[in-house]
Amino acid sequence: MSMRETPTQSETETDMDPHEAYLSVKYSMKPATFSAFELQPQLGNEDYLSNLPDDCLRLVFGFLNRIHMKTLSRVSQKLHSLSINLSNVSTGFEFIMEVRRDSDYIWSKYSLQRSLDDPNHQILVPKEIKGLKIERIAVPADQHENLSTLILSLNLQRLIVRNVDNPNVVNAKFMEDFASSNRMGYMPETVSDKLIENLPRFYYLGNLSLRVPTEALSEQVVWKIEGMLHQFAFYFLGWKALCIMLARGVVGEVIVEDVTEAVAWTEVAEAECICALLPASASASSFNLIEPTPRRLHLVTIIHNAITVTVRPTASLKLTKSAMRYWLKIDTVMIPAMINAIDPSADAACCCTRSTGARALIPD
Amino acid sequence: MVLITLVSSDEQNFPVERELLKQSGTIETLIVNMNLDDEDTDAAAMPIPLPNVKGDVLEKVIQWMEHHKGDPVKEGDNEDNNAEIVVPQWDDDFFKPAMYGSKHLELTVAASYLDIKNLLTLSCKAISNTFKGKTGPQIREEWGVPNEFTPEEEEAIRKENEWSE
């Protein structure tokens, strides 16, 4: 590590501007003021920066924008890991997601940031995390249409909470039929059958609520939000799968509150589709309900400036692996979530790409 | 004027005006909980040990608190708009002499430990300012950070950020 030249003592003692004074103190062996404090700075000799406690570094990083953070991520391993997880560099709007469980409240706040050098690039980073590890999701311009999928993927990770020992059996034929109606076609390319085999059984514990505040958005990004909501509406088939799981397993309440006229038509269509699928609108026998129970679905087409979708099960949802295969085929957003549940090192959560040539995930 | 003695890790004593210590959340909590500012009790004479702060750093912290005596003390989480925070000239001059050395690090850590929010904020802001306009290698050189990345890792990071470049 190279050391800079040390100014002479005479240079440091002459009248000089503050910057020169700073340099003189910084590089001289005998500072003029600051008695005990400024023992000689050992420039380049020790890694003081990386030795800062993480809390302090995060505070430091909070003053930097994404460009600076990108630079810092290349400085050292520690700064890399911290900077890529940093949240407080918001230059765009904020996206808030909440996941509630019966008694436990897990929440996270995401910042959807616009790139400073290219507003077409955005990045989704966790702003606040409590008790859960989450990855930063980079969203290149050509994947903006997948944004809702990515967001929901993150959100759904929290739904997979633990294994169950005695899963109930669901109607595979129904799930297969439902799969054929899937319009999404998203399928991570990194999923293997072996991985699917190892997927844990799980159940869904609590409420999931998604809210997109739009009132604070600038006009420049509203189109993106609308696009996102549009995608969200299409993603509703994924939600539909969730609703069906609720319907199949236990009592549930699905509340859909939609918002902008731009997407209302889609939501209406999807909601109607759900109505058709829910036992309340169809014969219970066709769904092989374990506990056929009254449920209701609310659809409010235009409410203020936000979209809220809430699924409220009143008991646990239980699935078999076989059923999961079908569901995963349908709701491929779940796959990266499941991968993360098994292997935190897997990066599939970050590569939810469109692939219409979907990998076969055919059940036994 | 009530003086309270702070004792650094190297057992140096620093009598400090009670009013100044209100800037430190850690010390203020201790004083209040232990009635150290009650002149009628023996507790008032009790020195406060600060085992995590060395004498030269504590001296610097006190110097900073003296200059900022009477400044409003932040409470709770810092919700300020970071972009609007400017390091005043006095503080800039205060930090600069030791900016890249261990002393600034220790001062920052001490501010965190003592919960002196204004000092911590300004110190971290000053550190962050040193990153701006620099390349990764320049930051490494200035701060003495060894390059831990293999060429393969550096390439991977470059690719990771490629979409935003």
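Quick note on labels: first sequence line is chain A, next is B, and so on, each numbered from 1. Keep in mind that the numbers below use all heavy atoms, side chains included, and drop hydrogens, waters and symmetry copies.
The part of B:Glu153 that comes within reach of chain A is its side chain, from C-beta onward, which places non-hydrogen atoms under 4.5 angstrom from that chain. Neither the backbone nor the side chain of B:Lys54 comes within less than 4.5 Å of any heavy atom of chain A. Proximity to chain A is limited to the backbone of B:Thr135, based on heavy atoms less than 4.5 angstrom apart.
In this structure, B:His104 NE2 and A:Leu49 CG are separated by 10.5 Å, a value rounded to the nearest 0.5 Å. The OG atom of B:Ser123 sits 9.0 Å away from atom CG of A:Leu59, with the distance rounded to the nearest 0.5 Å. To the nearest 0.5 Å, the span separating OH on B:Tyr113 from SG on A:Cys56 amounts to 14.0 Å.
Comparing B:Leu120, B:Asp92, B:Asn147 by how many heavy-atom pairs each has under 4.5 Å with chain A, the most go to B:Leu120.
Counting heavy atoms from C-beta outward, B:Thr108 and A:Val60 have side chains that stay 4.5 Å or more apart.
A donor-acceptor pair under 3.5 Å is formed between the side chain of B:Arg140 and the backbone N or O of A:Arg74.
Closest of all the heavy-atom pairs between A:Lys78 and B:Glu148 is N-OE1, 4.1 Å.
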